[in-house]
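To find a chain, count down the sequence lines: A is the first, B the second, and so on, and within it residues start at 1.
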Protein chains: 2
Amino acid sequence: MKRVTIYDVAREANVSLATVSRVINGSNVVKAPTRERVENAVEKLGYKPNAIAQGLALQKTTTIGLVVPEASFTYTGQIINGLIDVAKIYNYNIMLHTITEGITDLNSVVEDIIKSHVDGVVIFDDKLRANDMATLNRYNIPVVVIGNKIEAKDVCSVYVNIEKAIYELVMKYLEEGKDKIAILEDRKNPQQYQYILKGAKKAYESKGKEFKGQLNLPTGTRTSYGFLKDWLKTHRYDLMVGYRDSQAMAIINAARENDISVPEEMEVVCVLDTKYNTIMRPQVSSFSIPSYDLGAVSMRMMTKMLQKDENEDREDSIELSYLFTSRQSTKE
Amino acid sequence: MKRVTIYDVAREANVSLATVSRVINGSNVVKAPTRERVENAVEKLGYKPNAIAQGLALQKTTTIGLVVPEASFTYTGQIINGLIDVAKIYNYNIMLHTITEGITDLNSVVEDIIKSHVDGVVIFDDKLRANDMATLNRYNIPVVVIGNKIEAKDVCSVYVNIEKAIYELVMKYLEEGKDKIAILEDRKNPQQYQYILKGAKKAYESKGKEFKGQLNLPTGTRTSYGFLKDWLKTHRYDLMVGYRDSQAMAIINAARENDISVPEEMEVVCVLDTKYNTIMRPQVSSFSIPSYDLGAVSMRMMTKMLQKDENEDREDSIELSYLFTSRQSTKE
DNA sequence: CTGAAAGCGCTAACAA
DNA sequence: TTGTTAGCGCTTTCAG
């Protein structure tokens with residue numbers, strides 16, 4: 001069964017296909033009676049314009065590519081939701097790509113993206129570096145990067161200043177004289193981990209001290225919990241910081257195992273949390289990174305890039321703000 | 001800057017575009033030297049075939065639509081991962097759509113899907129009913145449904161038999177004489193809740209009893225936890241069943257609040273769990289629904305539908321198996 | 001206000 | 001083995 005085309009509608013309505021095209025694109029030069037004839041035909045035949053053909057003719061597909069890491073973290077879902085919701089408003093479709101270790105790398109994804117002629121691409125991948133964008137750039141596809149601040153032509157970024165967040169947090173503890181602070185590595189988010197580290201180091205520096213609390217997981221370690229269970233037998237801290245709430249919970253579970261009470265003897269904070277944080281006991285104090293907004297703002301930014309007048313300038317990075325929420329894993 | 005087309009390559013290599021087309025599509029009728037000239041030209045110009053134009057010419061886009069619910073549940077992420085991984089193997093791209101209450105409904109998504117001329121669509125939406133598929137059917141787009149068993153032409157489904165799982169579970173308890181069993185409503189997954197209920201009812205029936213343990217949240221209740229905290233003041237059970245691990249934790253937290261110890265005084269089981277279940281204390285005994293596999297198998301099924309010979313028969317639904325894993329929230 | 005025709009980039013007969 | 005040409009479904013000048 002062949003799909004009904006613009007020709008079928010034209011024949012049915014006794015007009016040329018040009019007129020049908022005008023009607024479905026809302027041109028206002030078409031006379032009312034003609035328009036009605038066309039609309040009836042469209043309705044009668046159940047005609048839906050073929051986006052592929054439109055894409056060819058217009059040289060734009062009104063779809064944008066979205067790249068996310070394999071890991072189905074909860075916040076990745078949030079980002080996708082935010083992005084799709086605003087994409088919907090602007091009538092963009094989303095082509096989803098993932099980077100799965102052992103199955104897909106960024107190069108092969110970029111290849112697919114170029115072929116598919118999306119109008120732009122939003123990338124959320126902590127492992128992304130500036131030079132990975134070279135190919136995309138060569139085919140001048142507009143790019144929005146989530147999470148990393150990346151400087152390049154035709155590339156915008158939307159992120160949260162985690163370095164600053166941690167700096168402020170650590171400063172507060174240092175000023176209270178609590179300087180035994182540890183930061184747990186997150187292998188899945190190496191870049192974010194670096195930001196966190198940098199924030200902590202700056203804080204220590206400004207107090208004339210040196211930060212030594214970075215806890216890199218030894219190679220071979222499978223889970224943070226497995227590592228921490230032993231580590232905490234011989235180490236004590238005032239504060240431990242994890243990136244995700246699940247890591248914070250690993251810390252807390254390991255602490256419990258060693259009879260370290262949280263928050264009384266040790267406080268725990270994480271950066272990103274999920275709805276599971278409302279279920280956990282204790283609930284973890286955290287910076288509430290607005291994942292949904294990261295997605296939504298990125299897409300909004302993308303639409304702006306796509307309709308920019310060449311001459312018009314626009315900001316090429318947006319810093320979203322965070323909010324620290326104190327819960328049961330810290331003292332106040 | 002115009003993108004390089006097949007014409008450019010043809011000119012550069014001094015052949016016709018037909019030959020270029022043959023080379024990029026791996027036809028083996030092209031002579032080696034010619035092939036090389038073309039390949040060099042492709043390389044030199046950085047030519048990538050335009051999938052849109054191919055789509056128009058071939059009447060197939062090698063992309064499939066994926067519809068998921070708004071809720072960024074962890075298992076939705078799993079499903080997406082599974083689906084994309086096998087899509088990648090078969091060189092399919094994924095167009096992602098979400099059903100967001102207040103933003104998008106199934107109808108508008110279906111509209112987009114039809115226009116985009118995807119080769120098929122995979123739908124994971126607990127609220128989906130058979131008649132929702134009417135439009136998709138009218139434009140005869142192959143459909144795979146995840147989670148629900150739906151009977152319709154050109155529709156396949158991949159699911160887990162939760163009814164049976166619960167039946168077996170409840171039977172086991174009934175045989176041990178534990179018949180105070182409650183099942184917590186999951187508003188986000190009404191269909192799954194029904195399946196669970198059915199399983200429990202059957203078990204009770206087969207014992208000549210009537211099941212009365214269905215716990216529907218009163219309208220106005222915002223969280224299961226809020227409801228259960230009070231409810232458990234006046235109700236005692238041998239076993240409580242929640243759909244997701246987060247609900248099971250709500251049950252456990254509410255039980256704690258009422259000094260009901262788990263699993264000693266009350267046991268708790270959930271159907272779907274996430275990685276957070278490994279972090280929680282107690283860990284919840286659960287059926288491990290293979291979310292990743294649900295996605296992967298669906299996509300595999302889709303590829304089969306798309307290459308089916310009209311005459312060749314195939315099964316139109318696949319039941320995936322589950323595995324009950326006993327953890328700290330049950331006695332053995 | 002409407003129609004005719006060229007073109008978007010590619011594929012697939014059909015010829016040569 | 002390679003080239004020519006007619007579509008695929010739609011948009012958009014340019015005439016009328």
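Spacing between atom CG of B/L17 and atom C1' of C/dA12 amounts to 11 Å, rounded to whole angstrom units. Distance CG (A/N14) to C1' (C/dT2): 13 Å, rounded to an integer number of Å. C/dG3 atom C1' lies 16 Å from atom CZ of A/R11, rounded to whole Å. The separation between A/H117 atom NE2 and C/dC10 atom C1' is 11 Å, rounded to whole Å.
Side chain of B/N50 to backbone of B/I52: a donor-acceptor contact under 3.5 angstrom is found. Side chain of A/S298 to backbone of A/V144: no donor-acceptor contact under 3.5 angstrom is found. Of the possible polar contacts, none joining the B/T98 side chain to the B/T100 backbone as a donor-acceptor pair under 3.5 Å is found. Side-chain atoms of A/D119 come within 3.5 Å of backbone atoms of A/T62 as a donor-acceptor pair (strictly under, hydrogens ignored). At distances below 3.5 Å, at least one donor-acceptor pair connects side-chain atoms of B/D132 with backbone N or O atoms of B/R129. Counting only distance, with no hydrogens or angles, the side chain of A/Y139 and the backbone of A/I113 share no donor-acceptor pair below 3.5 Å. Side chain of B/S108 to main chain of B/T104: no donor-acceptor pair is present (N/O by atom type, distance under 3.5 Å, no hydrogens or angles). Between the side chain of B/N148 and the backbone N or O of B/I150, no donor-acceptor pair lies under 3.5 Å.
Within residues 42-58 of chain B, the residues approaching DNA chain D are B/L56, B/A57, by heavy-atom distance under 4.0 Å. Residues of residues 20-33 of chain A having a heavy atom closer than 4.0 Å to DNA chain D, listed by number: A/S21, A/R22, A/I24, A/N25.
Between A/P190 and A/D126 there is a side-chain heavy-atom pair separated by less than 4.5 Å. Residues B/Y47 and B/D8 are not in side-chain contact: their nearest non-hydrogen atoms beyond the backbone lie 4.5 Å or more apart.
Qualifying salt bridge (Lys or Arg N to Asp or Glu O under 4.0 Å) partners for A/K31, counting only residues two or more places apart in sequence or in other chains: none. Here A/D85 pairs with nothing under the salt bridge (Lys or Arg N to Asp or Glu O under 4.0 Å) rule; sequence neighbours left out.
A/Q59 has a side-chain polar atom (N or O) that falls below the 4.0 Å cut-off from OP1 or OP2 of C/dG9.
Ring centers of B/F73 and B/Y75: under 6.0 Å apart, within the cut-off.
Bending across the helix from C/dC1-D/dG16 to C/dA16-D/dT1, expressed as the angle between its end axes from five pairs apiece, amounts to 40° (10° rounding).
Interface limits on DNA chain D: the 5'-most and 3'-most nucleotides within less than 4.0 Å of chain B heavy atoms are D/dT1 to D/dG9.
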